[in-house]
Q: 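Have a look at this one.
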Protein chains: 2
Amino acid sequence: MTTDISAEEKIKEAARKLFTQKGYAAVKTRDIATEAGINLALLNYYFRSKEKLFEMIMVENIQNFIKGIFGILNKEDTSIETKFEELTSTYIDMLAEQPNLPSFIFNVVREKPDLLLEKLEANSIITNSYFLKQFKAAMEKGEINSSISPIHLLLNFVGLTVFPFIGKPIIQARSGLDQKQFLALMEERKKLIPMWIKTMLKPTN
Amino acid sequence: MTTDISAEEKIKEAARKLFTQKGYAAVKTRDIATEAGINLALLNYYFRSKEKLFEMIMVENIQNFIKGIFGILNKEDTSIETKFEELTSTYIDMLAEQPNLPSFIFNVVREKPDLLLEKLEANSIITNSYFLKQFKAAMEKGEINSSISPIHLLLNFVGLTVFPFIGKPIIQARSGLDQKQFLALMEERKKLIPMWIKTMLKPTN
DNA sequence: AACTATATTAATCAAATGATTAAATTGTTT
DNA sequence: AAACAATTTAATCATTTGATTAATATAGTT
């Protein structure tokens, strides 16, 4: 017996699924209504407009995407390496459950550039983090390869972690990996990525 | 004096620009007509339908994305390391000129999953390449770290190279890098990425 | 010039789409 | 039960959107 969900919830979940999968323009209000199994008018009754509904989903998706980072980046008693291990593990678990979050987010920038960037303002998570202080300190002490700037490191970490999920549909189609095998690969990467990052950070002497 | 371009060309270029930027559903035929400065009916006169026009652009975009790989992967007289250097350089140059090709391609899979994957069938570039033979041979000889499978390597290479361009709008907005600075960073990566790949490949003894 | 094929335009169509309305149903309070 | 508010529905609107048409203009051919 499926728990009795309110119409409002049904709409929101249908909208989340479709918007996250296909973006804004490709999803029609009638698609959402059908997916939710409700009358089209209820969408406007509860959420005023398609636009408003989308923004709501978008904000939640962004929060899902960046929550979990904050705590890790600001721990004062873990090493840089440990932080990368925790970040990788947290991210891969999250992406395994919501594999098209990254595509969604990068796509909002394409479809509605202003909208996302404006909502993203509040996000100074990284620049204000304890992690960054820690990183700079290690760099001054010469414990870190100074030829790799923090921005390269960030690009690398996010690229290594997030990219496989963006490319997932193509990868699976081309390689023939099924869902299980794909997840097993990602599980492997939980150990591999921090290792790779570690070697990148190692000072060249 | 702008060279006199035919209406057909104007439409195609406008379509390429807009579709590549925003995907299929978000672009309206009238947007294309306006961008091209032509009468709406000409779009259908020359290209039958929005769908046909889109497919044409898509195929060309995919070809742009994968051309250039083939030659490099099948050279019989270059080392694995050299191949990665050439791939990185070729790719970053190409992406610098067409930064939203990756977003476009990954997005087609979202909007029209069947369409892209069907067109992608012909693409067995990697699996049939001389590179793969070379790679497997090196692995058997123990010249390569056997804990990293070719698929991880591919994910890493593409992730490190392509991801920054997918994330470009967000990265620029958050970091304040201008176009010039961003390109300088990517230029740096031409040397860095092959180096990182190299250390990933190094056997752990 | 007369003819023909091609290119271009303005006007219009039909379907799709986001949104609203008024009526009907259900739920809650008195 | 009566009265009221909240929810849901079917019908409808006004725009948007992809596409077509018929008329006109342009260029090329005889």
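The analysis underlying the following values was restricted to heavy atoms, covering all of them including side chains, and did not include hydrogens, waters or symmetry mates.
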Q: Has Tyr45(A) got a side-chain N or O lying under 4.0 Å from the OP1 or OP2 atom of dT8(D)?
A: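 Negative; the distance criterion is not met.
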Q: Could you go through Val108(B) and Ile105(B), starting from their C-alpha distance and side-chain angles, then the distance that decides it, and tell me whether this counts as side chain to side chain contact (heavy atoms under 4.5 Å, CB included)?
A: CA-CA 5 Å; Val108(B) 178; Ile105(B) 290 174; 5.7 Å; no
Q: Nearest whole Å is fine: how far is dC13(D) P from Asn44(A) CG?
A: 17 Å
Q: The side chain of Leu42(A) lies closest to which of these nucleotides: dT9(D), dA19(C), dT12(C)?
A: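 For the Leu42(A) side chain, the nearest candidate turns out to be dT9(D).
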Q: Please report, rounded to the nearest Å, how far the P atom of dG18(C) is from the CG atom of Leu40(A).
A: 9 Å
Q: With respect to Phe165(B), which candidate in Leu101(B), Ile171(B), Leu95(B) satisfies the side-chain contact (heavy atoms from CB on, under 4.5 Å) definition?
A: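 That would be Leu95(B); it is the only one of Leu101(B), Ile171(B), Leu95(B) passing the side-chain contact (heavy atoms from CB on, under 4.5 Å) with Phe165(B).
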Q: Lys50(B) NZ to dA16(C) C1': how many Å, rounded?
A: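 Interatomic distance, NZ of Lys50(B) to C1' of dA16(C): 12 Å.
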Q: If you draw the axis of the six-membered ring of Tyr24(A), does the NZ or CZ of Lys112(A) fall within 45° of it and under 6.0 Å from the ring centre?
A: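 Pair Lys112(A)/Tyr24(A) counts as cation-pi.
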Q: Heavy atoms only, 4.0 Å cut-off, all strands: where does Leu43(B) land among base, sugar-phosphate and nothing?
A: nothing
Q: Between Thr29(A) and dG18(C), is there a contact of a side-chain N or O with OP1 or OP2 at under 4.0 Å?
A: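 Checking dG18(C) against Thr29(A), a side-chain N or O does come within under 4.0 Å of OP1 or OP2.
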Q: We want to know whether Lys83(B) and Thr78(B) form a side-chain donor-acceptor pair, criterion being a heavy-atom distance below 3.5 angstrom.
A: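 Distance-only check passes for Lys83(B) and Thr78(B).
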Q: Does the Lys NZ or Arg CZ of Lys75(A) fall within the cation-pi geometry relative to Tyr130(A) - under 6.0 Å from the ring centre and within 45° of the axis?
A: no
Q: What's the CG-C1' distance between Asp31(A) and dA19(C), to the nearest Å?
A: 16 Å
Q: On the nucleotide dT8(D), are OP1 or OP2 found under 4.0 Å from the side-chain N or O atoms that Tyr46(A) carries?
A: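 For Tyr46(A), the contact criterion (side-chain N or O under 4.0 Å from OP1 or OP2 of dT8(D)) is met.
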Q: Roughly how many Å is it from CD in Glu51(B) to C1' in dT17(D), rounded to a whole number?
A: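 So the two atoms are 14 Å apart, to the nearest Å.
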Q: Grab the CZ-P distance between Arg30(A) and dT16(D) for me, whole Å please.
A: 15 Å
Q: Take atom CZ of Phe54(B) and atom P of dG18(D), then tell me their distance rounded to the nearest Å.
A: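 Rounded to the whole Å, the gap is 13 Å.
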Q: In terms of side-chain heavy atoms of Ala41(B), which of dA10(C), dT8(D), dA19(D) is nearest?
A: dA10(C)
Q: Would one find a side-chain N or O of Asn39(B) under 4.0 angstrom from OP1 or OP2 of dA10(C)?
A: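 Indeed, a polar side-chain atom of Asn39(B) lies that close.
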Q: Rounded to the Å, how far apart are Ile38(B) CD1 and dA19(D) P?
A: 13 Å
